[in-house]
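This report concerns only the one structure given below.
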Amino acid sequence: MANIGADFTKSLVTSKEIMEYEAEILKIHKNLNDRANSKTEFCGWLNLPSKSNKRELEKIKKCAKRIQENSDVFIVIGIGGSYLGARAVIESLTNSFYNMQDKENRKFPQILYVGNNLNSTYINELIELIQDKDISINVISKSGTTLESAISFRIFRNFLESKYGISEAQKRIYVTTDKSKGALKELADEEGYETFVIPENVGGRYSVLTPVGLLPIAVAGIDIDKLIDGARFAQEKYSDTNLKYNDCYKYAVVRNILNKRNKSIEILGSYNPKLHYMTEWWKQLFGESEGKDSKGLFPAGVEYTTDLHSLGQYIQEGPRNIFETILWITKESSDIKISFEEDNLDGLNYLAGKTVNFVNHKAMLGTVKAHVDGDVPNIIIKLDKLDAETIGHLIYFFEKACAVSGMLLRVNPFNQPGVEKYKSNMFKLLKEEVQLQKKK
(Lines give C-alpha, C1' and ligand atoms only; values in the text may rest on other atoms or scores of the structure.)
Protein backbone atom coordinates (compact mmCIF):
# COMPACT_ATOMS: atom_id res chain seq x y z
CA MET A 1 0.00 0.00 0.00
CA ALA A 2 1.41 3.35 -1.06
CA ASN A 3 1.85 5.58 1.95
CA ILE A 4 2.31 9.17 3.00
CA GLY A 5 3.99 10.61 6.06
CA ALA A 6 4.25 14.04 7.63
CA ASP A 7 7.48 15.59 8.92
CA PHE A 8 6.98 18.34 11.50
CA THR A 9 10.64 18.83 12.45
CA LYS A 10 10.84 22.06 10.42
CA SER A 11 7.52 23.42 11.68
CA LEU A 12 9.10 25.26 14.63
CA VAL A 13 6.52 23.52 16.83
CA THR A 14 7.75 21.05 19.45
CA SER A 15 6.33 17.61 20.20
CA LYS A 16 5.55 18.82 23.71
CA GLU A 17 3.44 21.68 22.33
CA ILE A 18 1.58 19.27 20.05
CA MET A 19 0.82 16.82 22.84
CA GLU A 20 -0.76 19.57 24.95
CA TYR A 21 -3.76 19.18 22.62
CA GLU A 22 -4.15 15.48 23.36
CA ALA A 23 -7.30 15.76 25.49
CA GLU A 24 -8.97 18.22 23.10
CA ILE A 25 -8.22 16.02 20.08
CA LEU A 26 -9.74 13.03 21.85
CA LYS A 27 -12.98 14.97 22.37
CA ILE A 28 -13.07 16.08 18.72
CA HIS A 29 -12.37 12.54 17.54
CA LYS A 30 -15.33 11.24 19.55
CA ASN A 31 -17.56 14.08 18.40
CA LEU A 32 -16.81 13.43 14.72
CA ASN A 33 -17.41 9.71 15.01
CA ASP A 34 -20.69 10.25 16.88
CA ARG A 35 -21.86 12.44 13.97
CA ALA A 36 -20.56 10.25 11.13
CA ASN A 37 -23.80 8.35 10.51
CA SER A 38 -26.17 11.29 10.94
CA LYS A 39 -28.11 12.31 7.84
CA THR A 40 -27.97 15.99 8.80
CA GLU A 41 -24.43 16.54 10.09
CA PHE A 42 -22.49 16.42 6.77
CA CYS A 43 -20.00 13.96 8.24
CA GLY A 44 -20.84 11.07 5.92
CA TRP A 45 -17.44 11.37 4.23
CA LEU A 46 -15.79 10.12 7.43
CA ASN A 47 -16.69 6.43 6.88
CA LEU A 48 -17.27 6.69 3.14
CA PRO A 49 -14.23 4.62 2.06
CA SER A 50 -15.14 1.62 4.23
CA LYS A 51 -18.82 1.84 3.30
CA SER A 52 -18.42 2.33 -0.45
CA ASN A 53 -21.31 0.79 -2.37
CA LYS A 54 -19.98 -1.93 -4.68
CA ARG A 55 -23.11 -1.85 -6.82
CA GLU A 56 -22.73 1.89 -7.27
CA LEU A 57 -19.04 1.53 -8.15
CA GLU A 58 -19.92 -1.06 -10.79
CA LYS A 59 -22.55 1.27 -12.24
CA ILE A 60 -19.98 4.06 -12.42
CA LYS A 61 -17.47 1.81 -14.19
CA LYS A 62 -20.12 0.55 -16.62
CA CYS A 63 -21.16 4.09 -17.55
CA ALA A 64 -17.53 5.18 -17.81
CA LYS A 65 -16.87 2.38 -20.29
CA ARG A 66 -19.88 3.43 -22.37
CA ILE A 67 -18.64 7.03 -22.43
CA GLN A 68 -15.14 5.90 -23.38
CA GLU A 69 -16.55 3.91 -26.30
CA ASN A 70 -18.85 6.57 -27.77
CA SER A 71 -17.22 9.90 -26.88
CA ASP A 72 -14.11 11.82 -27.86
CA VAL A 73 -14.78 14.43 -25.18
CA PHE A 74 -16.34 14.22 -21.73
CA ILE A 75 -17.45 17.58 -20.37
CA VAL A 76 -17.78 18.00 -16.61
CA ILE A 77 -20.22 20.76 -15.68
CA GLY A 78 -19.79 21.92 -12.09
CA ILE A 79 -18.15 24.44 -9.81
CA GLY A 80 -16.24 24.22 -6.52
CA GLY A 81 -16.50 20.79 -4.97
CA SER A 82 -18.54 19.59 -7.94
CA TYR A 83 -15.46 19.52 -10.15
CA LEU A 84 -12.26 20.43 -8.26
CA GLY A 85 -11.77 17.03 -6.62
CA ALA A 86 -12.20 15.12 -9.87
CA ARG A 87 -9.88 17.49 -11.71
CA ALA A 88 -7.28 17.23 -8.94
CA VAL A 89 -7.22 13.44 -9.20
CA ILE A 90 -7.30 13.32 -13.00
CA GLU A 91 -4.48 15.81 -13.47
CA SER A 92 -2.40 14.14 -10.74
CA LEU A 93 -2.65 10.69 -12.30
CA THR A 94 -2.70 11.22 -16.07
CA ASN A 95 -0.09 12.47 -18.52
CA SER A 96 0.70 16.16 -18.00
CA PHE A 97 -0.41 16.75 -21.59
CA TYR A 98 -3.32 14.30 -21.50
CA ASN A 99 -5.84 16.50 -23.33
CA MET A 100 -3.28 17.38 -26.02
CA GLN A 101 -2.38 13.77 -26.85
CA ASP A 102 -3.68 11.99 -29.94
CA LYS A 103 -6.66 9.79 -29.17
CA GLU A 104 -4.58 6.65 -29.86
CA ASN A 105 -2.03 7.61 -27.19
CA ARG A 106 -4.55 9.05 -24.76
CA LYS A 107 -6.89 5.99 -25.07
CA PHE A 108 -9.66 7.74 -23.15
CA PRO A 109 -11.82 10.81 -23.86
CA GLN A 110 -10.53 14.32 -23.33
CA ILE A 111 -11.84 15.62 -20.01
CA LEU A 112 -12.89 19.26 -20.25
CA TYR A 113 -14.61 21.52 -17.74
CA VAL A 114 -17.30 24.19 -17.88
CA GLY A 115 -19.72 25.71 -15.42
CA ASN A 116 -16.84 26.77 -13.21
CA ASN A 117 -17.00 30.40 -14.36
CA LEU A 118 -19.35 32.85 -16.11
CA ASN A 119 -17.05 33.86 -18.96
CA SER A 120 -18.73 33.78 -22.37
CA THR A 121 -15.45 33.67 -24.30
CA TYR A 122 -14.41 30.51 -22.45
CA ILE A 123 -17.75 28.85 -23.23
CA ASN A 124 -17.70 29.85 -26.91
CA GLU A 125 -14.12 28.65 -27.37
CA LEU A 126 -15.03 25.31 -25.81
CA ILE A 127 -18.01 24.96 -28.17
CA GLU A 128 -15.74 25.77 -31.11
CA LEU A 129 -13.26 23.11 -29.99
CA ILE A 130 -15.82 20.30 -29.77
CA GLN A 131 -17.89 21.04 -32.89
CA ASP A 132 -16.77 17.98 -34.82
CA LYS A 133 -16.30 15.61 -31.87
CA ASP A 134 -18.55 13.12 -30.16
CA ILE A 135 -19.27 14.27 -26.64
CA SER A 136 -21.03 13.31 -23.43
CA ILE A 137 -21.62 15.56 -20.45
CA ASN A 138 -21.87 15.14 -16.68
CA VAL A 139 -23.70 17.92 -14.86
CA ILE A 140 -23.05 17.93 -11.11
CA SER A 141 -25.17 19.94 -8.72
CA LYS A 142 -27.13 19.04 -5.60
CA SER A 143 -29.85 21.60 -6.29
CA GLY A 144 -29.53 22.25 -10.01
CA THR A 145 -29.81 25.99 -9.41
CA THR A 146 -26.15 26.93 -8.91
CA LEU A 147 -25.92 29.76 -11.44
CA GLU A 148 -22.66 28.96 -13.23
CA SER A 149 -23.46 25.26 -13.64
CA ALA A 150 -27.14 25.77 -14.49
CA ILE A 151 -26.37 28.27 -17.27
CA SER A 152 -23.68 26.01 -18.75
CA PHE A 153 -25.97 22.99 -18.60
CA ARG A 154 -28.65 24.89 -20.53
CA ILE A 155 -26.11 25.77 -23.21
CA PHE A 156 -24.56 22.30 -23.57
CA ARG A 157 -27.85 20.44 -23.28
CA ASN A 158 -29.09 22.50 -26.23
CA PHE A 159 -25.82 21.82 -28.04
CA LEU A 160 -26.24 18.06 -27.63
CA GLU A 161 -29.90 18.10 -28.66
CA SER A 162 -29.05 20.12 -31.79
CA LYS A 163 -26.16 17.82 -32.65
CA TYR A 164 -27.73 14.41 -31.93
CA GLY A 165 -31.45 14.95 -31.53
CA ILE A 166 -33.31 14.71 -28.23
CA SER A 167 -33.35 10.92 -27.96
CA GLU A 168 -29.61 10.41 -28.51
CA ALA A 169 -28.74 13.46 -26.41
CA GLN A 170 -30.60 11.91 -23.48
CA LYS A 171 -28.20 8.95 -23.64
CA ARG A 172 -25.18 11.27 -23.48
CA ILE A 173 -26.22 13.32 -20.45
CA TYR A 174 -25.24 12.05 -17.00
CA VAL A 175 -26.61 13.79 -13.93
CA THR A 176 -25.10 13.73 -10.43
CA THR A 177 -27.51 15.30 -7.98
CA ASP A 178 -29.68 14.89 -4.89
CA LYS A 179 -31.42 11.56 -4.31
CA SER A 180 -34.97 12.86 -4.19
CA LYS A 181 -35.32 16.62 -4.60
CA GLY A 182 -34.19 19.69 -6.51
CA ALA A 183 -34.57 21.14 -10.00
CA LEU A 184 -31.90 18.93 -11.54
CA LYS A 185 -33.34 15.75 -10.04
CA GLU A 186 -36.78 16.69 -11.38
CA LEU A 187 -35.41 17.33 -14.87
CA ALA A 188 -33.38 14.11 -14.86
CA ASP A 189 -36.48 12.10 -13.99
CA GLU A 190 -38.52 13.79 -16.71
CA GLU A 191 -35.88 13.26 -19.39
CA GLY A 192 -34.69 9.82 -18.31
CA TYR A 193 -31.05 10.81 -17.86
CA GLU A 194 -28.64 8.38 -16.22
CA THR A 195 -28.45 9.61 -12.63
CA PHE A 196 -25.99 9.32 -9.77
CA VAL A 197 -26.66 10.36 -6.20
CA ILE A 198 -24.78 12.86 -4.07
CA PRO A 199 -25.05 11.52 -0.49
CA GLU A 200 -27.19 13.87 1.57
CA ASN A 201 -24.70 13.92 4.45
CA VAL A 202 -21.62 14.74 2.32
CA GLY A 203 -20.91 18.37 1.44
CA GLY A 204 -19.51 19.38 -1.95
CA ARG A 205 -15.91 19.95 -0.93
CA TYR A 206 -15.81 16.53 0.79
CA SER A 207 -17.47 14.71 -2.14
CA VAL A 208 -14.61 13.64 -4.40
CA LEU A 209 -14.89 9.98 -3.29
CA THR A 210 -18.61 9.90 -4.17
CA PRO A 211 -20.05 9.74 -7.73
CA VAL A 212 -19.38 13.50 -7.90
CA GLY A 213 -15.70 12.75 -8.47
CA LEU A 214 -15.66 9.04 -9.29
CA LEU A 215 -17.50 9.16 -12.65
CA PRO A 216 -15.15 11.70 -14.32
CA ILE A 217 -12.16 9.98 -12.73
CA ALA A 218 -13.24 6.59 -14.10
CA VAL A 219 -13.85 8.05 -17.58
CA ALA A 220 -10.22 9.23 -17.55
CA GLY A 221 -9.15 5.59 -17.14
CA ILE A 222 -8.12 5.83 -13.48
CA ASP A 223 -8.73 2.83 -11.23
CA ILE A 224 -11.38 4.08 -8.80
CA ASP A 225 -11.16 0.87 -6.75
CA LYS A 226 -7.54 1.66 -5.92
CA LEU A 227 -8.45 5.27 -5.16
CA ILE A 228 -11.00 4.02 -2.63
CA ASP A 229 -8.49 1.47 -1.29
CA GLY A 230 -6.05 4.28 -0.52
CA ALA A 231 -8.73 6.28 1.26
CA ARG A 232 -9.85 3.18 3.19
CA PHE A 233 -6.27 2.64 4.35
CA ALA A 234 -6.13 6.27 5.49
CA GLN A 235 -9.48 5.97 7.26
CA GLU A 236 -8.11 3.13 9.34
CA LYS A 237 -4.72 4.74 9.89
CA TYR A 238 -6.12 8.07 11.08
CA SER A 239 -8.70 6.54 13.39
CA ASP A 240 -5.91 6.20 15.97
CA THR A 241 -6.92 8.31 18.98
CA ASN A 242 -3.31 8.63 20.12
CA LEU A 243 -2.17 12.04 18.92
CA LYS A 244 1.46 10.94 19.17
CA TYR A 245 1.00 8.50 16.26
CA ASN A 246 -1.65 10.27 14.18
CA ASP A 247 -0.04 12.57 11.60
CA CYS A 248 -3.43 13.76 10.37
CA TYR A 249 -4.37 15.09 13.79
CA LYS A 250 -0.85 16.47 14.30
CA TYR A 251 -1.19 18.46 11.08
CA ALA A 252 -4.45 19.98 12.33
CA VAL A 253 -2.84 20.84 15.67
CA VAL A 254 0.36 22.33 14.25
CA ARG A 255 -1.48 24.65 11.85
CA ASN A 256 -3.64 25.88 14.76
CA ILE A 257 -0.58 26.47 16.94
CA LEU A 258 1.05 28.45 14.14
CA ASN A 259 -2.15 30.41 13.60
CA LYS A 260 -2.05 31.46 17.26
CA ARG A 261 1.49 32.72 16.58
CA ASN A 262 0.02 35.04 13.94
CA LYS A 263 1.02 32.80 11.05
CA SER A 264 -2.26 33.54 9.31
CA ILE A 265 -1.41 32.31 5.78
CA GLU A 266 -0.73 28.68 4.92
CA ILE A 267 0.89 28.05 1.54
CA LEU A 268 0.57 24.58 0.05
CA GLY A 269 3.55 24.00 -2.22
CA SER A 270 4.67 21.16 -4.47
CA TYR A 271 7.52 20.39 -6.81
CA ASN A 272 5.44 18.58 -9.44
CA PRO A 273 3.02 20.49 -11.75
CA LYS A 274 0.69 17.49 -11.72
CA LEU A 275 -0.39 18.57 -8.24
CA HIS A 276 -1.62 22.01 -9.35
CA TYR A 277 -5.30 21.13 -9.05
CA MET A 278 -4.72 19.18 -5.86
CA THR A 279 -3.68 22.55 -4.46
CA GLU A 280 -6.80 24.20 -5.90
CA TRP A 281 -9.00 21.53 -4.30
CA TRP A 282 -7.14 21.95 -0.98
CA LYS A 283 -7.67 25.73 -1.12
CA GLN A 284 -11.42 25.29 -1.42
CA LEU A 285 -11.53 22.56 1.22
CA PHE A 286 -9.80 24.64 3.89
CA GLY A 287 -11.01 28.06 2.75
CA GLU A 288 -14.72 27.21 2.84
CA SER A 289 -14.39 25.07 5.94
CA GLU A 290 -12.44 27.46 8.19
CA GLY A 291 -13.03 30.96 6.86
CA LYS A 292 -15.93 32.12 9.03
CA ASP A 293 -16.63 34.01 12.26
CA SER A 294 -13.59 36.19 11.44
CA LYS A 295 -11.37 33.13 11.88
CA GLY A 296 -9.32 30.79 9.74
CA LEU A 297 -6.00 30.56 7.97
CA PHE A 298 -5.85 31.95 4.44
CA PRO A 299 -5.03 29.02 2.09
CA ALA A 300 -2.70 29.87 -0.79
CA GLY A 301 -0.72 27.77 -3.24
CA VAL A 302 2.62 27.77 -5.04
CA GLU A 303 4.38 25.52 -7.55
CA TYR A 304 8.10 25.14 -7.10
CA THR A 305 10.59 25.66 -8.47
CA THR A 306 8.55 27.91 -10.81
CA ASP A 307 7.26 30.25 -8.10
CA LEU A 308 10.69 30.64 -6.50
CA HIS A 309 11.21 33.06 -9.38
CA SER A 310 8.05 35.06 -8.62
CA LEU A 311 6.74 34.67 -5.06
CA GLY A 312 9.97 33.34 -3.57
CA GLN A 313 11.25 36.76 -2.58
CA TYR A 314 8.00 37.63 -0.79
CA ILE A 315 7.93 34.32 1.07
CA GLN A 316 11.57 34.66 2.07
CA GLU A 317 11.56 38.27 3.24
CA GLY A 318 8.00 39.61 3.25
CA PRO A 319 5.66 39.81 6.27
CA ARG A 320 6.32 37.00 8.74
CA ASN A 321 2.71 35.76 8.77
CA ILE A 322 3.31 32.71 6.53
CA PHE A 323 4.01 29.03 6.93
CA GLU A 324 4.28 26.35 4.27
CA THR A 325 3.07 22.80 3.82
CA ILE A 326 5.11 21.07 1.14
CA LEU A 327 3.99 18.02 -0.85
CA TRP A 328 7.03 15.98 -1.88
CA ILE A 329 6.89 12.86 -4.06
CA THR A 330 9.80 10.66 -3.00
CA LYS A 331 9.74 8.47 -6.12
CA GLU A 332 8.81 10.13 -9.40
CA SER A 333 7.45 7.95 -12.21
CA SER A 334 10.33 8.86 -14.53
CA ASP A 335 13.63 10.72 -14.61
CA ILE A 336 16.16 12.12 -17.08
CA LYS A 337 19.94 12.45 -16.86
CA ILE A 338 21.82 15.68 -17.42
CA SER A 339 24.33 15.46 -20.25
CA PHE A 340 28.02 16.45 -20.40
CA GLU A 341 28.74 19.34 -22.79
CA GLU A 342 32.25 20.03 -24.15
CA ASP A 343 31.92 23.84 -24.10
CA ASN A 344 30.29 23.91 -20.63
CA LEU A 345 29.13 27.49 -21.24
CA ASP A 346 26.46 27.23 -18.55
CA GLY A 347 28.97 25.83 -16.05
CA LEU A 348 26.80 22.81 -15.26
CA ASN A 349 29.13 19.95 -16.16
CA TYR A 350 29.53 19.21 -12.46
CA LEU A 351 25.95 17.90 -12.69
CA ALA A 352 26.65 15.64 -15.69
CA GLY A 353 25.29 12.16 -15.01
CA LYS A 354 22.99 13.42 -12.27
CA THR A 355 19.25 13.50 -12.83
CA VAL A 356 16.67 16.28 -12.94
CA ASN A 357 14.93 14.73 -9.92
CA PHE A 358 18.22 14.86 -8.01
CA VAL A 359 18.45 18.60 -8.70
CA ASN A 360 14.76 19.12 -7.87
CA HIS A 361 15.24 17.38 -4.52
CA LYS A 362 18.22 19.56 -3.63
CA ALA A 363 16.20 22.62 -4.64
CA MET A 364 13.45 21.52 -2.25
CA LEU A 365 15.86 20.92 0.63
CA GLY A 366 17.62 24.23 0.02
CA THR A 367 14.35 26.13 -0.16
CA VAL A 368 12.99 24.58 3.02
CA LYS A 369 16.19 25.52 4.89
CA ALA A 370 16.16 29.08 3.55
CA HIS A 371 12.51 29.61 4.41
CA VAL A 372 12.74 28.07 7.88
CA ASP A 373 15.86 30.16 8.57
CA GLY A 374 13.74 33.15 7.50
CA ASP A 375 11.03 32.29 10.05
CA VAL A 376 8.70 30.53 7.63
CA PRO A 377 7.87 27.21 9.32
CA ASN A 378 7.58 24.20 7.02
CA ILE A 379 5.55 20.99 7.25
CA ILE A 380 6.69 18.30 4.80
CA ILE A 381 4.16 15.75 3.58
CA LYS A 382 5.97 12.95 1.76
CA LEU A 383 4.15 10.82 -0.80
CA ASP A 384 5.78 7.49 -1.64
CA LYS A 385 4.71 7.86 -5.27
CA LEU A 386 1.97 9.35 -7.38
CA ASP A 387 -0.66 6.67 -7.92
CA ALA A 388 -4.36 6.15 -7.24
CA GLU A 389 -3.88 4.66 -3.79
CA THR A 390 -1.60 7.47 -2.65
CA ILE A 391 -3.95 10.16 -3.94
CA GLY A 392 -6.91 8.47 -2.24
CA HIS A 393 -4.89 8.43 0.97
CA LEU A 394 -3.94 12.11 0.60
CA ILE A 395 -7.54 13.18 -0.04
CA TYR A 396 -8.74 11.50 3.14
CA PHE A 397 -5.78 12.90 5.11
CA PHE A 398 -6.69 16.46 4.16
CA GLU A 399 -10.44 15.97 4.60
CA LYS A 400 -10.11 14.68 8.14
CA ALA A 401 -7.39 17.17 9.08
CA CYS A 402 -9.61 19.98 7.81
CA ALA A 403 -12.57 18.85 9.90
CA VAL A 404 -10.44 18.55 13.04
CA SER A 405 -8.68 21.86 12.38
CA GLY A 406 -12.00 23.67 11.97
CA MET A 407 -13.29 22.22 15.22
CA LEU A 408 -10.10 23.34 16.99
CA LEU A 409 -10.89 26.84 15.69
CA ARG A 410 -14.42 26.56 17.12
CA VAL A 411 -16.09 26.97 13.73
CA ASN A 412 -18.44 24.65 11.84
CA PRO A 413 -16.22 23.15 9.09
CA PHE A 414 -19.21 21.82 7.15
CA ASN A 415 -21.20 24.95 6.23
CA GLN A 416 -20.48 28.00 4.06
CA PRO A 417 -22.79 30.89 5.06
CA GLY A 418 -20.60 33.44 3.28
CA VAL A 419 -21.07 31.69 -0.05
CA GLU A 420 -24.84 31.77 0.39
CA LYS A 421 -24.65 35.53 1.09
CA TYR A 422 -22.96 36.36 -2.23
CA LYS A 423 -25.44 34.13 -4.06
CA SER A 424 -28.47 35.90 -2.60
CA ASN A 425 -26.98 39.30 -3.50
CA MET A 426 -26.19 38.16 -7.04
CA PHE A 427 -29.65 36.76 -7.71
CA LYS A 428 -31.27 39.90 -6.30
CA LEU A 429 -29.21 42.15 -8.59
CA LEU A 430 -29.89 39.97 -11.63
CA LYS A 431 -33.65 39.98 -11.07
CA GLU A 432 -33.74 43.74 -10.46
CA GLU A 433 -31.78 44.43 -13.64
CA VAL A 434 -33.93 42.13 -15.78
CA GLN A 435 -37.13 43.73 -14.46
CA LEU A 436 -35.71 47.20 -15.11
CA GLN A 437 -34.87 46.28 -18.72
CA LYS A 438 -38.38 44.92 -19.27
CA LYS A 439 -39.89 48.24 -18.15
CA LYS A 440 -37.73 50.06 -20.70
Side-chain angles (χ1 to χ4, degrees), residues 1-11 49 85 87-98 101 105 107 208-209 217 220-238 245-248 250-251 267-282 301-308 324-339 351-369 371-372 378-399 401:
M1 174 65 66
N3 204 354
I4 71 171
D7 178 359
F8 301 100
T9 59
K10 307 294 184 184
S11 69
R87 190 165 190 177
V89 175
I90 291 167
E91 299 211 4
S92 294
L93 299 177
T94 58
N95 188 288
S96 298
F97 306 100
Y98 176 86
Q101 289 180 306
N105 293 323
K107 298 181 182 178
V208 60
L209 298 176
I217 291 166
I222 294 165
D223 190 330
I224 59 174
D225 290 321
K226 289 185 177 179
L227 189 73
I228 297 294
D229 286 344
R232 188 182 299 114
F233 176 76
Q235 179 186 331
E236 181 178 350
K237 180 176 181 179
Y238 303 126
Y245 301 111
N246 193 320
D247 282 348
C248 177
K250 282 184 181 179
Y251 174 58
I267 297 177
L268 185 68
S270 71
Y271 285 74
N272 187 324
K274 285 178 178 286
L275 295 173
H276 173 84
Y277 271 93
M278 186 59 65
T279 300
E280 295 301 304
W281 169 79
W282 173 89
V302 293
E303 289 179 36
Y304 292 147
T305 60
T306 303
D307 284 333
L308 291 175
E324 292 176 293
T325 296
I326 300 298
L327 299 177
W328 176 253
I329 303 164
T330 58
K331 186 178 180 182
E332 290 282 354
S333 59
S334 66
D335 208 347
I336 185 169
K337 284 188 176 182
I338 300 167
S339 63
L351 292 175
K354 300 296 183 184
T355 68
V356 173
N357 287 336
F358 170 83
V359 177
N360 202 27
H361 186 219
K362 298 306 177 187
M364 186 272 285
L365 294 176
T367 302
V368 168
K369 186 178 187 311
H371 288 181
V372 172
N378 267 240
I379 300 165
I380 314 297
I381 298 177
K382 296 180 180 179
L383 289 67
D384 282 355
K385 54 186 174 180
L386 210 51
D387 63 9
E389 290 180 341
T390 307
I391 290 297
H393 185 160
L394 184 65
I395 286 168
Y396 192 88
F397 174 93
F398 277 139
E399 286 180 345

Check: Looking at Lys226 and Asp229, does any basic side-chain N land under 4.0 Å from a carboxylate oxygen?
Finding: no
Note to self: If I compare all heavy atoms of Gly301 with all of Thr279, which pair ends up nearest, and what's the gap?
What the structure shows: CA-CG2, 3.6 Å
Margin query: Quick check: do Ile217 and Leu93 have side-chain heavy atoms less than 4.5 Å from each other?
Written below: no
Next item on the list: Would you indicate whether Lys10, at its atom NZ, is surrounded by more than 12 heavy atoms from other residues, nucleotides or ligands within a distance under 6.0 Å?
Entry: no
Next item on the list: With rounding to the nearest 0.5 Å, note down the distance linking OG1 in Thr94 to CD in Gln101.
Entry: 8.0 Å
Notebook entry, point to check: Any side-chain donor-acceptor pair under 3.5 Å between Thr9 and Asp7?
Noted result: yes
Notebook entry, point to check: With sequence neighbours left out, what residues match Glu303 under salt bridge (charged side-chain N to carboxylate O under 4.0 Å, His left out)?
Noted result: none
Next item on the list: Determine the minimum heavy-atom distance between Met278 and Ser92, stating which atoms define it.
Entry: CE-OG, 4.0 Å
Checklist line | Validation row: Phe233, Glu389 side chains within 4.5 angstrom (heavy atoms) | finding: no
Check: Below 4.5 Å, heavy atoms only, C-beta onward: do Asn3 and Lys237 meet side chain to side chain?
Finding: yes
Next item on the list: Answer whether the closest heavy-atom distance between the side chains of Tyr304 and Asn360 falls below 4.5 Å.
Entry: no
Checklist line | Considering all heavy atoms, the nearest Ala231-Tyr396 contact | finding: O-CG, 4.0 Å
Next item on the list: Answer yes or no: is there a side-chain heavy-atom contact under 4.5 Å between Val356 and Glu332?
Entry: no
Check: Is there a side-chain contact (heavy atoms from CB on, under 4.5 Å) between Ile381 and Leu394 once you walk through the steps?
Finding: CA-CA 9 Å; Ile381 298 177; Leu394 184 65; 4.3 Å; yes
Check: Any side-chain heavy atom of Val359 sitting closer than 4.5 Å to one from Ile338?
Finding: yes
Item checked: Min side-chain heavy-atom separation Trp328-His361 under 4.5 Å -> yes
Notebook entry, point to check: Does the side-chain contact (heavy atoms from CB on, under 4.5 Å) test come out yes or no for Val89 and Ile395, once each step is laid out?
Noted result: CA-CA 9 Å; Val89 175; Ile395 286 168; 3.6 Å; yes
Check: Can you tell which of Ile4, Asn272, Thr390 makes a side chain to side chain contact (heavy atoms under 4.5 Å, CB included) with Ile329?
Finding: Asn272
Note to self: Tell me the closest heavy-atom pair linking Pro49 and Leu209, and the distance in Å.
What the structure shows: CG-CD1, 4.4 Å
Note to self: In the structure I gave you, are the side-chain heavy atoms of Asp247 and Lys250 within less than 4.5 Å of one another anywhere?
What the structure shows: yes
Checklist line | Results of side-chain contact (heavy atoms from CB on, under 4.5 Å) for Asp225 - residues two or more places apart only | finding: Leu57, Lys61, Asp223
